[in-house]
Amino acid sequence: MRLSKAYIPTLKEAPADAEVISHKLLVRAGCVRKLTSGVYIYLPLGWRSLNKIAAVVREEMNRAGAQELHMPVVQPAELWRESGRWEQYGKELLRFKDRHDRESCLGPTHEEVITDLVRGEVRSYRRLPINLYQIQTKFRDEIRPRFGLMRGREFIMKDAYSFDKDDAGADASYKSMYDAYERVFTRLGLRFKAVEADSGSIGGSFSHEFMVLAETGEDTIVYCPACGFAANVERAPAIAAITPWSGERPPLKEVSTPGTHTVAQVCAFLKAEPSDLIKTMLFTADGAPVAVLVRGDREVNLIKLKNFLDAAEVEQAAPEQVTQWTGAPLGFAGPVGLRGDVRIYADEELKDGRPRIAGANKGDAHVRNLDIARDVKVTAWADLRVIAEGDPCPQCGQKPGFARGIEVGHVFKLGTKYSKALNATIQDEEGRERHIIMGCYGIGVSRILAACVEQNHDVDGIVFPPAIAPYDLMLLNLDEKNAELAAKADELYELLRNEGLEVLLDDREERPGVKFKDADLIGIPMQLVLGTKGFQRGVLEAKDRRNGEKIELPLADFAGAFRAWRERVLSGWGMR
RNA sequence: CGGGAUGUGGCUCAGUCUGGCGGAGCGCAGCGUUCGGGACGCUGAGGCCGGAGGUUCAAAUCCUCUCAUCCCGACCA
């Protein structure tokens, strides 16, 4: 492609509405433009990269035995009613009516459609296993789209669905997808980690997330170098190292703590450590009031709470509810003296029995010497906190590490959740009717583009891994007005294309500085620079975008020298 | 949905507090000088100051409503 004719609008400045680096750079490099909140136009450059990503995904899906199909974006309400998700899914499901007043929705995911398809066709175990996938635009009306392509409302996703006759088959399908995902992300040149995950609203029995490691990731993962354990912190058990309290247990005592609303304020006022406190967090679980007790230096894990209570919806209580249940202003909630119908759940870690400080359910007051066993009517004990630095590995007890990640893939073993809801059955070897065992597997194709830039950039712009780069190579002609040089550039352009490379030739009548800046910004892995001075000396400059290393290649034996250099650039990426 | 902020040529922003001819830089068009890391000079085009209503002799500026976008908290590829 000739840059003089290409639609690649680069920008010197980042748009005001972009916050994260991938968003800024993808817009500046002319890869994407925002149409409206959470909805993006993929420009030629960005679209090429997305297709590169999709191609790798496709190859690995096909290799794993999955077959590609394409399902509709518009889906009828009846199917969603049948699965129960029309009511359950929430506002992310964009619902609308057509001209006949028929209710429809834009597909946020395709379990309903695929299950409907398969239940109509597949009656026998002999037809299984089957794995079907598509690469397609999804729409989820996110409450708050953000971070550019990272959390859009409209995005491109690869979703695959497996159907098996029994559990062992489903496990094999799961494993096969898991392995395919590892190959996909490895081939794309991403640094990633597969972690155990919560299965969320999609449902099902177990799942793994594939996380691209980046500081700007929305998720935190915990991993153990000793035993290989890796999980999303939402999911990781927090093991309490409990040392039972053997000291005194003085009686409960109320103390005045004017104006201390936060743990930090209480600690400062009473000269205590956060771990000496009990935090009383109030929630509604499917409408019912719930109090959760954790140590002052811990965070309540909402997912664990939700799973433990087996609740459909758990939300932090509104301020009015808090004041109503505690009879006190915000910041003074405690487990003693709560309104009667508030169930109290305590985190395992508090089982050490140590007397602690808690809110008094009274303005400007706390209580000291709170002994949960003695003073509080606990409904149940459970692991309800987020694992934190300093906690042992839940699997082997060694010290785990923590990292931030961007979720780019998620594999679920669904079991029979959808096959039961939609009555998708087969006959087994004995002629018995059985529900099909399902799995589903997603890859955020457009999110990978953003995650890739988050992980691969420098001060000058994007540093695309070869597998994702929109072109293999960029050829800069520094003086387009020099006819001899332009002819040489054309010759090299043809030669490189004949080598099977995708080449972007900067043949614009621009000053060299502009060309260098744009080339670095766009981030194509290999740059060849043809300038007058070098040309006179019979050389051109080759620059590795990843590390900035420049060498000169002789024009005389260009093909050979180029191949050797190209090998080096590519192996540099392979060895990361 | 709560909390915070912002809407002014294509882009980044000043001007708003204290009402009085709509500005700058970049980009764009033309001419000239430049030409290996986002050059310089001159000339020029380009605006319903997000929209509606109000106050006023006079509104980008003050008031009311509304729409949009971004950031912080509950969802997810």
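Computed from a prediction, not measured in an experiment: that's the story for all the values here. Computation of the quantities below employed the complete heavy-atom set of this structure, encompassing side-chain atoms and omitting hydrogens, waters and symmetry-equivalent molecules. Every chain is numbered from 1 and lettered A, B, ... according to where its sequence line falls, protein lines coming before strand lines.
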Asker: Using the P atom as the point on both nucleotides, what is the distance between rA60(B) and rG53(B), in whole Å?
Answerer: 14 Å
Asker: With respect to the side chain of Glu13(A), which nucleotide from rA39(B), rC75(B), rG25(B) is positioned closest?
Answerer: rG25(B)
Asker: Starting the side chain at C-beta, find the nucleotide from rC76(B), rG36(B), rA39(B) nearest to Val529(A).
Answerer: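 Selected nucleotide: rG36(B).
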Asker: Does Arg511(A) have a side-chain nitrogen or oxygen under 4.0 Å from the phosphate oxygens OP1 or OP2 of rG36(B)?
Answerer: no
Asker: Looking across every strand, which nucleic acid part, if any, lies under 4.0 Å from Lys306(A) by heavy atom: base, sugar-phosphate, or nothing?
Answerer: nothing
Asker: Taking CD from Glu209(A) and P from rA77(B), how many angstroms apart are they, rounded to a whole number?
Answerer: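 Value for this atom pair: 8 Å.
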Asker: Could you check how far NZ of Lys304(A) sits from P of rA74(B), rounded to whole Å?
Answerer: 16 Å
Asker: On the ring face of Tyr471(A), is Arg48(A) found with NZ or CZ under 6.0 Å from the centre and within 45° of the axis?
Answerer: yes
Asker: Other residues, nucleotides and ligands only: do more than 12 of their heavy atoms fall within 6.0 Å of CD on Gln316(A)?
Answerer: no
Asker: Arg151(A) side chain: which of rU34(B), rU69(B), rC76(B) is closest?
Answerer: rC76(B)
Asker: What do you reckon, do Phe155(A) and the base of rA77(B) stack, with centroid distance below 5.5 Å and planes below 30°?
Answerer: yes
Asker: Taking only the C1' atom of each, what is the distance from rU61(B) to rU18(B) in whole angstrom?
Answerer: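 About 10 Å, rounded to a whole number of Å.
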Asker: Could you let me know what rC28(B) is paired to, Watson-Crick or G-U wobble, both distances under 3.5 Å, or none if it's on its own?
Answerer: rG44(B)
Asker: Given atom CD of Glu19(A) and atom P of rA5(B), what is their separation to the nearest angstrom?
Answerer: 16 Å
Asker: On RNA chain B, nearest-nucleotide positions of Leu521(A) versus Lys91(A): which is more 5'?
Answerer: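 That would be Lys91(A).
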Asker: For rG20(B), what is the paired nucleotide under Watson-Crick or G-U wobble rules, both distances under 3.5 Å?
Answerer: rC57(B)
Asker: Does the base of rG38(B) carry an N or O that pairs as donor and acceptor with the side chain of Asp518(A) under 3.5 Å?
Answerer: yes
Asker: If we take the P atom in both rG23(B) and rA45(B), what is their distance in whole Å?
Answerer: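 rG23(B) and rA45(B) have their P atoms separated by 13 Å.
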Asker: Would you mind reading off the distance between Glu142(A) atom CD and rC70(B) atom C1', rounded to a whole angstrom?
Answerer: 16 Å
Asker: I'd like the C1' distance from rU64(B) over to rG22(B), given in whole Å.
Answerer: 25 Å
Asker: Are Met61(A) and Tyr181(A) close enough that some pair of their side-chain heavy atoms sits under 4.5 Å apart?
Answerer: yes
Asker: What nucleotide among rA77(B), rC70(B), rG37(B) has an atom nearest to a side-chain atom of Lys550(A)?
Answerer: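 Nearest listed nucleotide: rG37(B).
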Asker: Can you see if the side chain of Thr532(A) gets near the phosphate of rG36(B) - specifically, an N or O under 4.0 Å from OP1 or OP2?
Answerer: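 The answer is no; no side-chain N or O of Thr532(A) sits under 4.0 Å from OP1 or OP2.
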Asker: Select from His23(A) and Val314(A) the residue whose nearest nucleotide in RNA chain B is closer to the 5' end of that strand.
Answerer: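 Closest to the 5' end, via its nearest nucleotide, is His23(A).
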Asker: Can you measure Tyr181(A) atom OH to rA77(B) atom C1' for me and round it to whole angstrom units?
Answerer: 9 Å
Asker: Tell which nucleotide pairs with rA14(B), taking only Watson-Crick or G-U wobble pairs whose two distances are both under 3.5 angstrom.
Answerer: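 The answer is none; no pair meets the criterion.
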Asker: If I pick the C1' atom on rG9(B) and the same atom on rC28(B), what distance separates them, to the nearest angstrom?
Answerer: 11 Å
Asker: C1' atom, rG44(B) versus rC49(B): distance in rounded Å?
Answerer: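 Going atom to atom, C1' in each nucleotide, I get 23 Å.
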Asker: Has Glu484(A) got more than 12 heavy atoms of other residues, nucleotides or ligands less than 6.0 Å from its CD?
Answerer: no
Asker: Tell me whether the side-chain N or O atoms of Gln316(A) pair up with the base of rG73(B) as donor and acceptor below 3.5 Å, since no angle test is needed here.
Answerer: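 A donor-acceptor contact between them is absent.
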Asker: If rC76(B) has a Watson-Crick or G-U wobble mate with both distances under 3.5 Å, name it; if not, just say none.
Answerer: none
Asker: With respect to the side chain of Ala16(A), which nucleotide from rG73(B), rC13(B), rC75(B) is positioned closest?
Answerer: rC13(B)
Asker: Taking pairing as Watson-Crick or G-U wobble with both contacts under 3.5 Å, can you name the mate of rG7(B), or confirm there isn't one?
Answerer: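 Matched rG7(B) with rC67(B) under the 3.5 Å cut-off.
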Asker: Would you kindly check whether a donor in the side chain of Asp520(A) faces an acceptor in the base of rG37(B), or vice versa, at under 3.5 angstrom?
Answerer: yes
Asker: Using a cut-off of less than 4.0 Å, is there contact between a side-chain N or O of Thr36(A) and OP1 or OP2 of rU69(B)?
Answerer: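 So the side chain of Thr36(A) is within the cut-off, an N or O lying under 4.0 Å from OP1 or OP2 of rU69(B).
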Asker: Base, sugar-phosphate alone, or nothing: which one does Pro108(A) contact when heavy atoms must sit under 4.0 Å apart?
Answerer: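 Touches nothing.
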Asker: Taking the side chain of Glu218(A) as its heavy atoms from C-beta onward, which of rC72(B), rC75(B), rC13(B) lies nearest to it?
Answerer: rC75(B)
Asker: Hey, which of Phe210(A), Phe185(A), Tyr441(A) is the one that makes ring pair (Phe, Tyr, Trp, His ring centres under 6.0 Å) with Tyr178(A)?
Answerer: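 Among the candidates, only Phe210(A) passes.
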Asker: Give the rounded distance in Å between these two atoms: CG of Asp141(A) and P of rA77(B).
Answerer: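 The answer, rounded to whole Å, is 16 Å.
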Asker: Treating Arg153(A) as the side-chain partner and Asp141(A) as the backbone partner, does any N or O pair qualify as donor plus acceptor under 3.5 Å?
Answerer: no
Asker: Checking all strands, does Gly531(A) fall into the base, sugar-phosphate, or nothing category for heavy-atom contacts under 4.0 angstrom?
Answerer: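 Base: the residue Gly531(A), judged by heavy atoms under 4.0 Å, touches a nucleobase.
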Asker: Establish, yes or no, whether the cationic atom of Lys488(A) lies under 6.0 Å from the six-membered ring centre of Phe535(A) and within 45° of the ring axis.
Answerer: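 Negative - Lys488(A) is either too far from the ring of Phe535(A) or too far off its axis.
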Asker: Quick one: label Val408(A) by what it contacts on the DNA or RNA (base, sugar-phosphate, nothing), any heavy atom closer than 4.0 Å.
Answerer: sugar-phosphate
Asker: Within the structure shown, what part of the strands sits under 4.0 Å from Gly444(A) by heavy-atom distance: base, sugar-phosphate, or nothing?
Answerer: base
Asker: Tell me what Gly152(A) touches on the nucleic acid: a base, only sugar-phosphate, or nothing, going by heavy atoms under 4.0 Å.
Answerer: base
Asker: Looking at the base of rG27(B), is there any donor atom on it, or on the side chain of Arg28(A), that sits under 3.5 Å from an acceptor on the other one?
Answerer: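 Side chain to base: no pair below 3.5 Å.
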Asker: When you check the phosphate oxygens OP1 and OP2 of rC11(B), does a side-chain N or O of Lys12(A) lie under 4.0 Å from one of them?
Answerer: no
Asker: If you count every heavy atom of other residues, nucleotides or ligands that lies below 6.0 Å from Glu299(A) atom CD, does the total exceed 12?
Answerer: no
Asker: Considering only rU69(B), rC1(B), rC76(B), which nucleotide approaches the side chain of Arg447(A) most closely?
Answerer: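 Of all the options, the side chain of Arg447(A) is nearest to rC76(B).
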Asker: From CD of Glu111(A) over to C1' of rA77(B), roughly how many Å is that when rounded to an integer?
Answerer: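 Glu111(A) atom CD is separated from rA77(B) atom C1' by 12 Å.
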Asker: So if I take every side-chain heavy atom of Phe147(A) and compare against rC70(B), rC72(B), rA77(B), which nucleotide ends up nearest?
Answerer: rC72(B)
Asker: Looking at every strand, decide which applies to Ala14(A) at a 4.0 Å heavy-atom threshold: base, sugar-phosphate, or nothing.
Answerer: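 If one applies the 4.0 Å heavy-atom cut-off, Ala14(A) turns out to touch the sugar-phosphate alone, with no base involved.
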Asker: How is Asn477(A) classified with respect to the nucleic acid when contacts are heavy atoms under 4.0 Å: base, sugar-phosphate, or nothing?
Answerer: nothing
Asker: Looking at Ala236(A), is its backbone amide N or carbonyl O close enough to the side chain of Lys304(A) to form a donor-acceptor pair, meaning the two atoms are under 3.5 Å apart?
Answerer: yes
Asker: Watson-Crick or G-U wobble partner for rA39(B), using a 3.5 Å limit on both distances?
Answerer: rU33(B)
Asker: Provide the distance between the two C1' atoms, one in rG46(B) and one in rG30(B), to the nearest whole Å.
Answerer: 15 Å
Asker: For atom CD of Glu218(A), decide whether the heavy atoms of other residues, nucleotides or ligands shown that lie under 6.0 angstrom number more than 12.
Answerer: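 Above 12, so yes.
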Asker: If we take the C1' atom in both rG47(B) and rG10(B), what is their distance in whole Å?
Answerer: 12 Å
Asker: Starting at atom CD of Glu510(A), determine the distance to atom P of rC28(B), rounded to an integer number of angstrom.
Answerer: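 Roughly 7 Å, once rounded to whole Å.
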